[in-house]
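Here the structure comes first, spelled out in structure tokens, and everything after it is commentary.
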Amino acid sequence: RAAFDHARRTEGLQAWAAPAIFSWSAFLHDIWEQHSDGSLLHLSQIQERSLWDQVISASGHPVALLESSRRRIADMAMHSHALLCSYAPRYLNPRHRQGWDQDAASFSAWLTAFDELCTRNDAISSAHLAHACAPLLQSDAQTRPPLLVAGFDRLLPFHSALLDAWRA
């Protein structure tokens, strides 16, 4: 943004429209707000953490007995869910988690319960937004401005799918 502003001052301008510069999460949220039908609530971090806390509390797992432990585990579950969405989305399907045991089996059960809770409450987590936004862009044929994507050392498949949908 500073380089853009400097270039405008060098051109002799005293005022100009600010460029649309977003973090990845803000970019996804903007797409969601513009293109979704409003039937699903995009959960804030606090709302999502609260749902994870409810899931873990209802599971009867020993970690759920102490509030501080439950909150810490809820944060870890939320982070693990985001990692699955980013790097291994096939494991979001319960069929692909069969055979998980011990702690992984507990997380798998929590993940299923979390998904059911989101479905019941017509909600979507931030981790699912990238997967949900690509089809929204594909179904909208409007011409979009070019994008400059910076700060990525690599693009994951869901990044590429979303950027391809934007380009189309």
Side-chain angles (χ1 to χ4, degrees), residues 1-4 7 17-56 73-101 103-168:
R1 187 178 299 240
F4 181 84
I21 299 175
F22 297 105
S23 66
W24 180 257
S25 59
F27 177 62
L28 291 175
H29 184 73
D30 188 61
I31 292 171
W32 182 256
E33 288 297 314
Q34 290 181 24
H35 298 281
S36 74
D37 63 6
S39 63
L40 293 177
L41 168 70
H42 172 221
L43 296 171
S44 70
Q45 275 195 323
I46 293 171
Q47 292 167 322
E48 188 171 344
R49 188 176 298 112
S50 175
L51 291 183
W52 279 108
D53 190 85
Q54 289 176 39
V55 164
I56 293 166
I73 295 298
D75 282 337
M76 290 170 57
M78 191 167 119
H79 181 69
S80 298
H81 175 241
L83 289 172
L84 278 181
C85 288
S86 295
Y87 293 96
R90 72 185 187 111
Y91 290 115
L92 296 173
N93 184 328
R95 283 182 309 144
H96 295 287
R97 298 193 307 261
Q98 291 180 357
W100 286 14
D101 59 3
D103 289 342
S106 295
F107 175 67
S108 178
W110 297 343
L111 186 55
T112 299
F114 176 78
D115 287 341
E116 290 169 357
L117 197 54
C118 284
T119 300
R120 258 196 324 271
N121 290 304
D122 295 323
I124 186 168
S125 69
S126 292
H128 277 284
L129 269 189
H131 300 286
C133 284
L136 291 175
L137 290 175
Q138 289 167 344
S139 67
D140 181 5
Q142 78 178 23
T143 303
R144 289 178 273 280
L147 280 179
L148 172 64
V149 180
F152 291 85
D153 58 348
R154 65 185 148 167
L155 292 177
L156 298 173
F158 76 92
H159 291 127
S160 297
L162 187 77
L163 295 173
D164 287 345
W166 181 273
R167 192 173 334 168

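Heavy-atom basis, side chains included; hydrogens, waters and symmetry copies ignored. Only a predicted model underlies this, so the values are computations on that prediction, with no experimental measurement involved.
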Value for SG (Cys85) from CG (Leu92), rounded to nearest 0.5 Å, stands at 4.5 Å
Sequence-distant partners of Arg120, side chain to side chain contact (heavy atoms under 4.5 Å, CB included), two or more places apart = Glu116, Leu117
Residues in side-chain hydrogen bond (donor to acceptor under 3.5 Å, both in side chains) with Ser139, at least two apart?
-> none
Got a sec, which residues hit salt bridge (Lys or Arg N to Asp or Glu O under 4.0 Å) with Asp115, two or more places apart in sequence or on another chain?
-> none
Under the side chain to side chain contact (heavy atoms under 4.5 Å, CB included) test, residues paired with Ser39 that sit two or more places apart = Asp37
Is there a side-chain contact between Asp140 and Gln34, using heavy atoms and a 4.5 Å cut-off?
-> no
Which residues satisfy the side-chain hydrogen bond (donor to acceptor under 3.5 Å, both in side chains) test with Ser50, sequence neighbours excluded?
-> none
To the nearest 0.5 Å, atom CG of Leu137 lies from atom CD1 of Ile31 at 4.5 Å
Tell me, please, which residues at least two apart from Trp24 pass ring pair (Phe, Tyr, Trp, His ring centres under 6.0 Å).
-> Phe27, Phe152, His159
So do Pro146 and Trp166 actually touch side chain to side chain, heavy atoms under 4.5 Å?
-> no
Measure across Ala123 and Leu40 and return the closest heavy-atom pair with its distance rounded to 0.1 Å.
-> N-CD2, 3.9 Å
Across all chains, not counting sequence neighbours, the side-chain hydrogen bond (donor to acceptor under 3.5 Å, both in side chains) partners of His131 are none
Reported CD-to-SG distance for the pair Glu48 and Cys118, which is rounded to 0.5 angstrom | 7.0 Å
Which heavy-atom pair separates Ala20 from Phe22 by the least distance, and what is that distance?
-> CB-CE1, 3.8 Å
Residues that Asn93 engages under side chain to side chain contact (heavy atoms under 4.5 Å, CB included), provided they are two or more places apart = Arg95, His96
Please list every donor-acceptor pair under 3.5 Å in which a side-chain atom of residues 106-114 meets a protein atom from a residue at least two apart or in another chain.
unit_1 : atom_1 : unit_2 : atom_2 : d
Ser108 : OG     : Arg97  : NE     : 2.7
Trp110 : NE1    : Ser59  : OG     : 3.2
Thr112 : OG1    : Arg97  : NH2    : 2.7
Thr112 : OG1    : Ser108 : O      : 3.1

OG/Ser160 to CG/Leu155 distance, rounded to the nearest 0.5 angstrom?
-> 5.0 Å
Assess whether atom CD of Gln45 is packed by more than 12 heavy atoms of other residues, nucleotides or ligands within 6.0 Å.
-> no
Should Leu41 and Asn121 count as side-chain neighbours, where that means a heavy-atom distance under 4.5 Å?
-> no
Just how far is it from atom CD of Glu33 to atom CG of Leu28, taken to the nearest 0.5 Å?
-> 12.0 Å
What pairs of donor and acceptor atoms, side-chain ones from residues 73-84 against any protein atom, are under 3.5 angstrom apart with sequence neighbours left out?
unit_1 : atom_1 : unit_2 : atom_2 : d
Asp75  : OD1    : Arg49  : NE     : 2.2
Ser80  : OG     : Met76  : O      : 2.9
His81  : NE2    : His128 : NE2    : 3.2

Quick one: side-chain hydrogen bond (donor to acceptor under 3.5 Å, both in side chains) partners of Gln47, sequence neighbours excluded?
-> Ser44
Once you round to the nearest 0.5 Å, how far does CG of Leu43 lie from CG of Leu129?
-> 9.0 Å
Mind checking what makes side chain to side chain contact (heavy atoms under 4.5 Å, CB included) contact with Ala132, not counting sequence neighbours?
-> Trp32, Ile124
Measure across Ala165 and Gln138 and return the closest heavy-atom pair with its distance rounded to 0.1 Å.
-> CB-CG, 3.7 Å
